[in-house]
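All remarks here apply to the structure that follows.
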Amino acid sequence: MKRVVVGLSGGVDSSVAAYLLMEQGYEVIGLFMKNWHDDSVTISNECPWLEDSNDALLVAEKLGIPFQTVDLSEQYKERIVDYMFNEYEKGRTPNPDVLCNREIKFDVFMKIALSLGADYVATGHYCRKGTIEKDGRETYQLLAGVDGNKDQSYFLCQLSQEQLSKALFPIGELTKPQVREIAAKMELVTAEKKDSQGLCFIGKVRLPEFLQQQLQPKEGLIYEVNADVATYNEAAPEFTTVKEQLAYEAKNIDYKPEMGKVVGKHQGAHYFTIGQRKGLNVGGTKEALFIIATDIETNAIYTGQGHNHPGLFRKALFIQEDEIHWVREDLALKDGETMDVMVRIRYRQPLQKATLHKFDNGMYISFEEPQSAITEGQFAAWHIGDELIGSGVIS
């Protein structure tokens, strides 16, 4: 009998995942990860992890499976929180959920599970795992969840073959309403529970407030740049190579104060991200202001009116060599090779037509349609059909 450790988060998805595994004849153990100690940064006086671990315990009791809590807060702080601040200070916008899966759930947590004699680790993600034979050995595929509305393969885009070989995603074939229905039928306490928001496992922490407590505020200016500024209408230079052209298309515009006018003040450029429009507190413009660039060196924020502002769009992006990750190592591109794929640059974005161009120093992704708010530090994930084959950090 194969043994599976399920990461019970106290939510409905992982509860149903545990139930389905029992139905399939696995020996199931429930484990709750506690990843956060510092209650000073949760939003309200409720203690979310306590409530969640309690729900997880009730589900385990109802299903009659062994349950324990593991405290991973030290590793979480080191690998996720410190990394996040580091990235924000560099003016990049990290994705903690993607990292949490790579570093915590499918690494630290997986090692604990394997030490308990588990054959697999299971989570309540809406995605599927495929297995194909290639060159005489098994290759694992990361496939989209059946519920198009909830597909979460993006959050797992940094997993390796090794991690996938030990992973199970029991609810990947189901839709959210089906999952709730099963939970209700089994009278699981989590059946009606709202989907969790906020950082994976820190609980109800809102990112800006969390950051503000950790990064020092420093006042700077907000500039508004008109859509008709000369920069946007410059003719592209002549290119001698494809690489030159891609570098040109992926390059950030270098904004200077004289390109715009001052419309307000902010408390620190490192709190803001490209494409953001909330939290600027600048009124009196015809259309909403969107952030088109932040400059950490000069602590300036550049904005433009409306979501069609030319400053928001770019046709290509670059991923540095050491930040390219292939889930399907067998499909990895070599220098000079290209591949037509579908790409998303944020969770929930519809897939976009694009081409990967591999060079010695990294990889460019060029899009058929210019993309809005390509954000450094976020992950771009590339797909063929419903399979996610690789990802990388936007540089």
Check your understanding: Charged N to carboxylate O below 4.0 Å: is that the case for Lys62 and Glu187?
Key -> yes

Review point. Looking only at side chains, do Tyr140 and Glu138 share a donor and an acceptor under 3.5 Å apart?
Key: yes

Exercise for review: Hey, can you tell me if Tyr223 and Tyr302 have their rings parallel, tilted or perpendicular (30° and 60° cut-offs)?
Suggested key: parallel

Point to revise | Verdict with supporting geometry, Tyr88 and Tyr271, side chain to side chain contact (heavy atoms under 4.5 Å, CB included) | key: CA-CA 7 Å; Tyr88 275 107; Tyr271 296 133; over 6 Å; no

**Study point:** Test item: side-chain donor near acceptor, Gln305 and Glu224, under 3.5 Å
**Key:** yes

Practice item. Please list, chain by chain and in numerical order, all residues satisfying salt bridge (charged side-chain N to carboxylate O under 4.0 Å, His left out) with Arg180, sequence neighbours excluded. Key: Asp195

**Study point:** Distance-only side-chain donor-acceptor flag, Thr273 / Gln276, under 3.5 Å
**Key:** no

Review point. Ion pair present between Lys90 and Glu297, side-chain N to carboxylate O less than 4.0 angstrom?
Key: no

Exercise for review: Could you tell me which residues satisfy side chain to side chain contact (heavy atoms under 4.5 Å, CB included) with Ile274, sequence neighbours excluded, listed by chain and number?
Suggested key: Ala373, Thr375

Review point. Does a salt bridge link Glu249 with Lys315, judged by any charged N lying under 4.0 Å from a carboxylate O?
Key: no

Practice item. Report the relative orientation of the aromatic rings in Phe155 and Tyr347; use parallel for angles under 30°, tilted for 30 to 60°, perpendicular for over 60°. Key: tilted

Exercise for review: Could you check Phe32 against Gln68 for side chain to side chain contact (heavy atoms under 4.5 Å, CB included), going step by step and ending with a plain yes or no?
Suggested key: CA-CA 6 Å; Phe32 177 84; Gln68 65 189 81; over 6 Å; no

Check your understanding: Would the His307 and Phe313 ring centres measure less than 6.0 Å apart?
Key -> no

Check your understanding: Does one side chain, of Thr190 or Ser15, offer a donor that lies under 3.5 Å from an acceptor on the other?
Key -> yes

Review point. So, Gln75 and Glu103: side-chain donor and acceptor under 3.5 Å apart, yes or no?
Key: no

Check your understanding: To the nearest 0.5 Å, what is the distance between NE2 (His125) and CG (Leu142)?
Key -> 10.0 Å

Point to revise | Atom pair CG (Leu114) and CG (Asp119), whose distance is rounded to the nearest 0.5 Å | key: 8.5 Å

**Study point:** Asn252-Glu376 side chain donor-acceptor pair, cut-off 3.5 Å
**Key:** yes

Exercise for review: Determine the interplanar angle of the Tyr248 and Phe239 rings, folded into 0 to 90°, and report it as parallel if under 30°, tilted if 30 to 60°, perpendicular if over 60°.
Suggested key: tilted

Point to revise | Side-chain (Gln161) to main-chain (Glu329) donor-acceptor, under 3.5 angstrom | key: no

Exercise for review: Look at Asp151 together with Arg344 and state whether they make a salt bridge at an N to O cut-off of under 4.0 Å.
Suggested key: yes

Check your understanding: Is a side-chain donor-acceptor pair under 3.5 Å present for Thr240 with Glu244?
Key -> yes

Review point. What distance do Asp82 atom CG and Phe85 atom CZ have between them, rounded to the nearest 0.5 Å?
Key: 7.5 Å

Review point. Quick one: do Lys358 and Glu321 make a salt bridge, cutoff under 4.0 Å?
Key: yes

Exercise for review: State which residue, out of Arg102, Arg79, Lys166, fulfils the salt bridge (charged side-chain N to carboxylate O under 4.0 Å, His left out) condition with Asp107.
Suggested key: Arg79

Practice item. Verify, without hydrogens or angle tests, whether Asp335 (side chain) and Asp360 (backbone) share a donor-acceptor contact under 3.5 angstrom. Key: yes

Point to revise | No-hydrogen, no-angle side-chain donor-acceptor test under 3.5 Å, Ser73 and Asn35 | key: no

Review point. Would you say the side-chain atoms of Asn101 pair up with the backbone N or O of Asp97, donor to acceptor, closer than 3.5 Å?
Key: yes

Review point. Can Val146 and Leu174 be said to form a side chain to side chain contact (heavy atoms under 4.5 Å, CB included), step by step?
Key: CA-CA 6 Å; Val146 169; Leu174 302 174; over 6 Å; no

Review point. Can you tell if the side chain of Leu312 reaches within under 4.5 Å of the side chain of Ser372, non-hydrogen atoms only?
Key: yes

Review point. Can a donor-acceptor pair be found between the side chains of Tyr126 and Asp13 at a distance below 3.5 Å?
Key: yes

Exercise for review: Classify the ring geometry between His309 and Tyr232 as parallel (under 30°), tilted (30 to 60°) or perpendicular (over 60°).
Suggested key: perpendicular

Exercise for review: Calculate, to the nearest 0.5 Å, the distance between atoms CD and SG belonging to Glu387 and Cys127 respectively.
Suggested key: 12.0 Å

**Study point:** Between Gln371 and Gln352: side-chain donor-acceptor atoms closer than 3.5 Å
**Key:** yes

Review point. Are Asp147 and Lys176 within salt-bridge range, i.e. N to O under 4.0 Å?
Key: no

Revision key, fill the gap. To the nearest 0.5 Å, atom OG1 of Thr231 lies from atom CG of Asp254 at 10.0 Å

Study note, to complete from the structure: In this structure, CZ of Arg346 is separated from CD1 of Ile374 (nearest 0.5 Å) by 8.5 Å

Review point. Donor-acceptor pair, Gln245 side chain versus Val242 backbone, under 3.5 Å?
Key: no

